[in-house]
2 protein chains.
Amino acid sequence: MVQYISPPLDLSFAALSDPTRRGIIDQLGRGDASITRLADMFQMTLTGMKKHIQVLERAGLVVTQKVGRVRTCKLGKRGLKAEAEWIEAHRKLFEARFDALDEIISEMKQEGSDESGS
Amino acid sequence: MVQYISPPLDLSFAALSDPTRRGIIDQLGRGDASITRLADMFQMTLTGMKKHIQVLERAGLVVTQKVGRVRTCKLGKRGLKAEAEWIEAHRKLFEARFDALDEIISEMKQEGSDESGS
DNA sequence: TAAATACTGAACCATATGGTTCAGTATATT
DNA sequence: AATATACTGAACCATATGGTTCAGTATTTA
C-alpha cells in the first residue's frame, strides 16, 4: 500500500485554499498588521479573523506576537519552500505525462466514449 | 487555440491538502490507473476513491474517461502552473519581510511578551 | 444466460470549516 | 475611576469533508 505522510503540507495547502487567507498573506507581505486591522480590511468580525489567523499560524505561515492589548501578525519564517518544492516536483510529472505517446493514442480513442462520467 | 479555464485556486489547494490525493497525483505521474486500482493501492473503498477523484477532477488536476466499465484516471492538462505562480510570487513576499530591519528589532522585543497567545 | 467485475448513487456518520453573536478579560486612555 | 479598545472563548449554525455501507446499473466473461 502506498502511504503519503506530510502533515505540514496538509495544513499549509488547506490554509491556502481559502481566498481570505490568501488575501491575508498578501496583505502581510505589505506590512505587519493587528487582528483588528485585518478584520476591518476584510470586513469580518474580530473573532472570525482570529480564526483565520489561527489556521495560518498552525500552518506556520504566520506568526503573531501580543504586545499590550494588540496582537500583531506577520509572515512566518517557514515561508512556502516545502509547498514550492512539492508543486515543482509534481509539475514535472504533469508535463512528462503529456510528452508520452499513449497520450496521443488515448486522445484518438476518446471519440464516442463517455468522456466526463455521470 | 484551446483554452483551459483554470478553476480557482480554492479548489486546487483544497484538493492538494489531503495526503491521499497528493498520493494519487504522485501515482498517476507513474501511469494512468482505474479507480479500482487506485482504491486497492490506497486501501480504500471504491466509493471513497471515487470521491477523491471527483475532488481532483473538479480542481482540474485529473481527467477521467470511461471505456466499457472501466474509468481510467490520468493527470489533467491544466497542470499546476497557476498554483506554482501564486506560490512563487508570494515566496518573494516572505523573503522580503525577513530582509527588513524591523524584523530584527521585533525579534529583540520578543523577550518577556506573550509570544504564542492563549 | 448466468455470474463476476467496475462503477454509481444515496444515505449515513463524525468531524472540520467559516462564519456569527454574546459575554468576558486585559490594557490603554481620559 | 470610568470608559474605550483589543482581544479571547464558548456556543451556535449551516455546510463541507473523508470515510463508510448498501443497493443498484452497465459491461464483460464464462
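By convention in this document, chain letters (A, B, ...) are assigned in the order of the sequence lines, proteins followed by strands, and residues within each chain are numbered from 1.
- When rounded to the nearest whole Å, the span between CZ of R71(B) and C1' of dT5(C) equals 16 Å.
- Atom pair K50(B):NZ and dG18(D):P shows a separation of 16 Å (rounding to whole Å applied).
- Residue-level contact check: R37(A) touches neither bases nor backbone, having no heavy atom under 4.0 Å from any strand.
- Residue I53(A) contributes atom CD1, which lies 16 Å from atom P of dT17(C) at whole-angstrom precision.
- In this structure, the CG atom of D10(B) is 15 Å from the C1' atom of dT17(D), given to the nearest Å.
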For E88(A) and R91(A), run salt bridge (charged side-chain N to carboxylate O under 4.0 Å, His left out): C-alpha distance rounded to whole Å, both residues' side-chain angles, the deciding distance at 0.1 Å, then the answer. CA-CA 5 Å; E88(A) 282 311 317; R91(A) 278 187 80 176; 3.7 Å; yes
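- Minimum interatomic distance between A59(A) and L11(A) (heavy atoms only, all atoms of both residues): CB-O, 3.7 Å.
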Reading nucleotides 19-30 of chain D 5' to 3', which nucleotides get B (base under 4.0 Å from a protein heavy atom), which S (sugar-phosphate only), which -? BBBB----BB--
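- When the side-chain nitrogen and oxygen atoms of R21(A) are compared with OP1 and OP2 of dT17(C), none of them lie within a distance under 4.0 Å.
- With contacts defined as side-chain heavy-atom distances shorter than 4.5 Å, the pair I24(B)/I53(B) qualifies.
- In this structure, F13(B) places its CZ atom 21 Å from P of dA16(D), rounding to the nearest Å.
- In terms of heavy-atom proximity, M49(B) sits nearest to M44(B) at N-SD, 3.7 Å.
- Distance Q54(B) CD to dT17(D) C1': 13 Å, rounded to the nearest Å.
- In plain terms, the two heavy atoms of G60(A) and R78(A) that are nearest each other are O-CB, 3.6 Å.
- Ring-plane geometry between W86(A) and F13(A) is classed as perpendicular, the angle between the planes exceeding 60 degrees on a 0 to 90 degree scale with a lower cut at 30.
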